[in-house]
Amino acid sequence: MSQRPLYSAAELLRLIHNLVRLGTVAEVDHARARVRVATGEITTAWLPWLEERAGTTRTWNPPTEGEQVVVFAPGGDMASAVVLAGLYRTQHPAPSDSADKWHAVMPDGAVIEYDHAASHLQATLPGSATLAAQGDVTVDTPAALTATAGSGATLNADTVINGTLAINGGSVTHNGTDIGDSHQHPQGNDSDGDSQQNTGAPV
């Protein structure tokens, strides 16, 4: 019958100490999805981090250098440890204190927030002369794109539409003037200065 290996008291204490450790991300290898963590007086080998999803549904939100993390090592074996990111610290405090909001802050200053108490989605993108993209938003879809707004929609932007534009609705106005399918144009004044009747509707 095989015997279990005997561990010294010092080795047992080391294994127990390694079960759960706090540390900060020292390096990130994005290509391999691995991080090294500075914890105590050591820096770990390259370890995987716990992502939100990693099956047929996959997410990608890598830790950043200096982020505080927890290192979990089954049996105290640091070679098989995994890293759980997302602990606030003085250098990276909580970006919100609301119980009603999902809030995400990006390194470039962009903020995406959903307030479930108010049912309100807010996305604020950065704009600067030094940014080539200037906070661009791109939606690519091979099928139709549908947006429904129950009380109307407002677009504050210089807008270019490439392609066919179809407008279905009761009216179309420009600066308060009707330019819809039933609008008419005055013909102006005749040679005697008398106003003439409006033209018919567009055809």
Side-chain angles (χ1 to χ4, degrees), residues 18-74 78 80-161:
N18 284 344
L19 286 173
V20 181
R21 300 181 67 123
L22 292 177
T24 56
V25 175
E27 297 179 76
V28 183
D29 186 335
H30 297 95
R32 295 193 300 146
R34 295 290 187 271
V35 293
R36 299 185 70 198
V37 177
T39 172
E41 297 180 354
I42 68 170
T43 298
T44 69
W46 291 104
L47 302 174
W49 67 80
L50 295 178
E51 186 57 79
E52 183 179 357
R53 294 295 302 273
T56 53
T57 299
R58 291 170 290 165
T59 58
W60 173 256
N61 191 12
T64 56
E65 291 186 12
E67 183 172 357
Q68 187 165 259
V69 297
V70 181
V71 180
F72 294 99
M78 292 296 289
S80 60
V82 295
V83 178
L84 174 63
L87 297 180
Y88 296 127
R89 57 188 306 211
T90 302
Q91 291 90 333
H92 304 292
S96 175
D97 60 2
S98 172
D100 300 321
K101 295 178 180 179
W102 176 89
H103 189 97
V105 176
M106 306 302 168
D108 63 354
V111 176
I112 303 173
E113 177 182 277
Y114 183 73
D115 185 337
H116 57 81
S119 298
H120 180 254
L121 175 65
Q122 175 75 37
T124 303
L125 303 183
S128 169
T130 61
L131 294 176
Q134 293 274 340
D136 280 354
V137 176
T138 302
V139 178
D140 292 318
T141 173
L145 175 63
T146 301
T148 303
S151 59
T154 301
L155 177 63
N156 297 314
D158 294 330
T159 305
V160 176
I161 299 175

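Start at 1 with the first residue, then count along the sequence. The structure presented is a predicted model; accordingly, all values stated were derived computationally and were not measured.
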S.K.: Okay, side chain of R89, backbone of G66: is any donor-acceptor separation there less than 3.5 Å?
M.R.: yes
S.K.: Once you round to the nearest 0.5 Å, how far does CG of L125 lie from CG of D108?
M.R.: 8.0 Å
S.K.: Give a yes or no on this: more than 12 heavy atoms of other residues, nucleotides or ligands lie within 6.0 Å of atom CD of Q91.
M.R.: yes
S.K.: Please give me the minimum heavy-atom distance between H120 and Q122, naming the atom from each residue.
M.R.: CE1-OE1, 3.3 Å
S.K.: Is the backbone N or O of T39 less than 3.5 Å from a side-chain atom of R21, with the two atoms forming a donor-acceptor pair by type?
M.R.: yes
S.K.: Please report the closest heavy-atom contact between P74 and A81, naming both atoms and the distance.
M.R.: CD-CA, 4.4 Å
S.K.: Could you tell me whether the side chain of T64 reaches within less than 4.5 Å of the side chain of V25, counting heavy atoms only?
M.R.: no
S.K.: Step through the shown structure and confirm whether more than 12 heavy atoms of other residues, nucleotides or ligands are within 6.0 Å of CZ on R58.
M.R.: no
S.K.: So which heavy atom on W46 is nearest to which on V28, and how close?
M.R.: CZ3-C, 4.0 Å
S.K.: Can you give me the closest heavy-atom contact between A33 and W60, atom names plus distance?
M.R.: CB-CZ3, 4.1 Å
S.K.: If you take all heavy atoms of V69 and A85, which pair is closest and at what distance?
M.R.: CG1-CA, 3.6 Å
S.K.: Between OG1 of T57 and CD of E52, what distance do you get to the nearest 0.5 Å?
M.R.: 10.0 Å
S.K.: Any heavy-atom pair between the side chains of M78 and V71 that's under 4.5 Å?
M.R.: yes
S.K.: Would you say that T59 contacts N61 through its side chain, given a criterion of any heavy-atom pair below 4.5 Å between the two side chains?
M.R.: no
S.K.: Could you state the interatomic distance from CZ (F72) to CG (N18), rounded to the nearest 0.5 Å?
M.R.: 13.5 Å
S.K.: Might you work through the side chain to side chain contact (heavy atoms under 4.5 Å, CB included) test for V37 and T43, ending with a clear yes or no?
M.R.: CA-CA 5 Å; V37 177; T43 298; over 6 Å; no
S.K.: Among residues at least two apart in sequence or on other chains, which ones pass salt bridge (charged side-chain N to carboxylate O under 4.0 Å, His left out) with E65?
M.R.: none
S.K.: Under 3.5 Å, side chain of T159 to main-chain N/O of A157, donor-acceptor pair present?
M.R.: yes
S.K.: Would you name the heavy atoms of H116 and A99 that are closest together and state the gap between them?
M.R.: NE2-O, 3.5 Å
S.K.: Do T44 and V83 touch side chain to side chain, with heavy atoms closer than 4.5 Å?
M.R.: no
S.K.: Has H103 got a side-chain atom pairing as donor or acceptor with E113's backbone, closer than 3.5 angstrom?
M.R.: no
S.K.: Would you indicate whether the side-chain heavy atoms of W49 and V82 approach each other to under 4.5 Å?
M.R.: no
